[in-house]
Amino acid sequence: MDPECARLLPALCAVLADPRQPVADDTCLEKLLDWFKAVTEAGSSLLLLQEHPCLVELLFHALRAQDLSPRTLSFALRLAGVFAAQENCFQHLQQGELLPGLFGEPGPLGAAAWVAPSVRSGWIQGLRSLAQHPSALRFLANSGAVDTIFSLQGDPSLFVASAAGQLLVHILDLAMREPAEGRVCPQAWDWPVCARKIVCHLEDCLRSDAAPRVTQALHVLTTTFGHCHGLWTQGLWVQLSPLVACLLEKDPMPAPHTLVDLLLSVARPQALRIQAFNVLLQPLACVLEAAAQAPATPGLLEGAAGDPMAVDTLPPSKSACVGLLCSALAHLELLQPLPQRPSPWPQAPLLAATVTILRFCNGSAAPSSEAGGRLCTMLVGCVRVQRAALDFLGVLSQGLGPQELVTQVFAVLLEYLMSPDSSPMVLKKAFQATLRWLLSSAMPPGCCDLEPCAQLVLGELLAMLQKRLCSPCWEVRDSGLEFLTQVTRHWGGQASFRQVLLASELPELTRQLLQDPESYVRASAVAAVGQLSSWGLLAAPSSPEQPAIPQETPLEALLLILTTDSEGFPRRAVMRVFTEWLRDGHAEVAEDPERFVAEVLRAAGKDGDWEVRVQGLELALVFLERLLGPRGSSAVAPPSVTARAMRALCQVQLFEFAFRSLFDCDRPVAQKSCDLLLFLRATATPPGSPQEAGDRPNVASVEAALRRWRAGEQGQPLGELAPEAILAVLRSMDLEALRDTLAKSSDHVERSPQSLLQDMLATVGVLGDNEADCY
């Protein structure tokens, strides 16, 4: 420990132990605990306590004091756990009865402070830290702590309850880890006392008629099989799987989706996995049964539904029914891309069920029975179910389906996109799902040609977009522009798409939205204009009778936004578009790339938004790569190439922009500039390249300007620069050291342990003003 920290530590412990003192806030205590963790990881906890007895005194005071604040008591419990994580220190503290006092009945468990969730949480975290060795396992088995953890699983604080379940998993893993070594699978009678106690508790919970207790056990088991991979988990599953299987037979099934989480996390029992999958499918099967004209869908859904009365098994209340459907859809969405998903995967039935759910939600599905009518009433206009169904429908685009069903998918998506009743969020989800289905309909996948069905849909979509871009709701205009950007990116080169788009008002509407009152919409319009212009789709329509009226070019329009828009989002979008244009060789940019880069860097350098300046440096890097070759290449540019490149870089004033950015007050800007200059130096001035005698350029003026900029005097420009002087300055700069400095957080000095202790003491007036280092 640092000598100055050692000097301050007794005073700090005295402050923490004094209930009359205003203890530092939680953030300071967290930092203090992190520091002690780092100290103990680097050395002996026992030696630390022997050299600093004030720490033990603080822990004993936490044990005896009745008026200590919950915040300080929680800190003391966690600190004790940090020290006791090392076995010799654990034994030292146990001999003094400190650990039984803090983590057993005599301590906070029987005190009034236990009512504070922070104390219960600190108790759990302290045990989690010390549970690292066999001595801790014996202590847990004999102290009654495990029983307390069982009770905390039902704690009213969700954070405490979750932490208790995670602690049980950790103890079980610690207890079983050693006995399993060298064996195929430990038998139940060989399990340590702690492990047997936890497993017996889990068995009791799984047999319980109380759903909360079943849920607690299932959460513990799901975490266990998800995070523990020892051979002992096989024996645990053999022991508990019969009880888990019994849960599947209960009616009603307790905690169905928590049970599904467990069964899908266990890779062994295929039969139970299929049963679990059917639990997920049942609500969707009920929906199919409830619809009078649902598509014929043979497959696993038949087994999940059973009979036409299956729809009656859906919960009668709207909130419960909606929750069940959303939970099933969310689980299936997560399961679909996983390799361990059930096989065969019922793609067609799932498509049919999801389309039917969406039709119930928009009122276009006819119910088949009275129960179906109740379901229809519950789902009509339900945004929550619509969002979940559209998300899952988008995921299902990764699989194939019968053409009839694919047609129905596009039809229901169009219904949602065209409906005036679709909320902005539902509309956004519908756009996203539609794009995914269009991309999956390419022939072959990845090609820009679409299947005939999708071709027809694309034409209807563009007609619908015209209306959406005129919506009074800015979120709708924004979603429409995002969709237009994406479809143009993928199909801007396709003849049929170009023909329909150019015949529409979309290009002109997009131009107009560059002036939208909402900055998010202007930013999306910038991105759309960027894509349309890249594909040559912004030309004004003309005819012999009505020649096209001259308009400002897309480049001029976006430059105007970059230099005049009051909001950062549109200006950032312009910089991203310009960078993409330069990289892809956009026609307007290719006419005079040096002039383009110079104008953009001049505007970006004056921008008050650091993200705009960072993007300006990215554009400068793209320009460098065009001149000198790609980043990551070890090749050094030939002298003739370097000379031409340096002249071009000086002409566009890239160096002035980069050097100013090197001293920018926003660290990401300075880091990006450092990367740019390192790339330039490595490419243009390789290590060991000699400087010819008698040809040493005068760099004094450049270095003087850099010193002024470093000091914050940014007003004076560099003036006209000679390429040789720039290269000489680059050789002389220690850019690697600067990069390392920038990689550190801005408060790395102020976060030192000494500074932390000083600040905590200054808060209560123990230190004079000159000793505090507040931050």
Side-chain angles (χ1 to χ4, degrees), residues 1-5 27-28 30-31 34-35 37-39 41-42 601 604-622 624-625 628 631-632 634 649 653-689 699-718 721 725-759 772-775:
M1 183 183 295
D2 178 84
E4 181 61 18
C5 292
T27 302
C28 286
E30 286 294 333
K31 290 180 179 179
D34 288 341
W35 174 55
K37 287 178 182 176
V39 171
E41 287 169 1
L601 294 186
K606 299 174 184 176
D607 202 289
D609 188 309
W610 69 265
E611 292 189 50
V612 171
R613 301 196 298 278
V614 165
Q615 193 62 47
L617 289 162
E618 179 62 30
L619 181 139
L621 270 168
V622 171
L624 271 177
E625 288 182 305
L628 295 172
R631 278 173 282 179
S634 57
L649 297 176
Q653 295 188 315
L654 182 143
F655 293 112
E656 178 150 342
F657 178 61
F659 282 134
R660 281 187 189 276
S661 300
L662 198 61
F663 307 118
D664 198 288
C665 59
D666 288 293
R667 190 154 48 105
V669 181
Q671 287 176 309
K672 191 74 172 178
S673 175
C674 196
D675 291 341
L676 182 149
L677 293 173
L678 281 166
F679 166 60
L680 176 60
R681 190 180 69 182
T683 310
T685 62
S689 58
V699 299
S701 62
V702 177
E703 291 178 339
L706 295 182
R707 283 194 296 271
R708 288 193 297 273
W709 291 355
R710 186 189 293 272
E713 301 174 18
Q714 296 277 327
Q716 187 170 343
L718 278 178
L721 299 174
I726 294 297
L727 292 176
V729 169
L730 283 176
R731 290 190 192 96
S732 67
M733 294 180 76
D734 191 353
L735 292 170
E736 288 81 5
L738 179 60
R739 179 179 57 188
D740 294 341
T741 301
L742 290 169
K744 297 177 182 177
S745 63
S746 57
D747 63 345
H748 69 279
V749 176
E750 291 81 359
R751 286 192 314 175
S752 67
Q754 179 183 331
S755 172
L756 175 63
L757 299 185
Q758 287 174 340
D759 289 347
D773 184 20
C774 295
Y775 55 93

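All values reported here derive from a predicted model rather than from experimental measurement.
- Interatomic distance, Glu625 CD to Thr683 OG1, rounded to the nearest 0.5 Å: 9.0 Å.
- Counting heavy atoms from C-beta outward, Cys674 and Leu678 have side chains that approach closer than 4.5 Å.
- Rounding to the nearest 0.5 angstrom, the gap separating the CG atom in Leu624 from the CG atom in Leu654 is 5.5 Å.
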Practice problem: Could you go through the side-chain contact (heavy atoms from CB on, under 4.5 Å) check for Arg731 and Leu727 one step at a time? | Solution: CA-CA 6 Å; Arg731 290 190 192 96; Leu727 292 176; 4.1 Å; yes
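- For the atom pair Phe655 CZ and Arg660 CZ, the distance stands at 15.0 Å (nearest 0.5 Å).
- The two residues Val669 and Ser661 have their closest heavy-atom pair at CG1-CB, 3.7 Å.
- The two residues Phe657 and Gly616 have their closest heavy-atom pair at CE2-C, 3.6 Å.
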Practice problem: Apply side-chain contact (heavy atoms from CB on, under 4.5 Å) to the pair Val614 and Asp666, showing each step before the final yes or no. | Solution: CA-CA 10 Å; Val614 165; Asp666 288 293; over 6 Å; no
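- Between Thr27 and Lys31 the shortest side-chain heavy-atom distance falls below 4.5 Å.
- Checking side-chain atoms of Arg739 against main-chain N and O of Asp675 turns up no donor-acceptor pair under 3.5 Å.
- The side-chain heavy atoms of Leu628 and Leu680, taken from C-beta on, include a pair separated by under 4.5 Å.
- Panel note: side chain Arg681, backbone Met733; a donor-acceptor pair is recorded below 3.5 Å.
- Scanning both residues, Leu676 and Ala658, for their nearest heavy atoms gives CD2-CB, 4.1 Å.
- Counting only distance, with no hydrogens or angles, the side chain of Asp734 and the backbone of Ala737 share a donor-acceptor pair below 3.5 Å.
- Rounding to the nearest 0.5 angstrom, the gap separating the CG atom in Leu601 from the CD atom in Glu656 is 11.0 Å.
- Taking both residues in full, the closest heavy atoms of Asp2 and Gln754 are given as OD2-OE1, 3.9 Å, listed atom of the first, atom of the second, then distance.
- Taken from CG in Leu742 to NZ in Lys672, the straight-line distance is 13.5 Å, to the nearest 0.5 Å.
- To the nearest 0.5 Å, the span separating SG on Cys5 from CD on Gln758 amounts to 8.0 Å.
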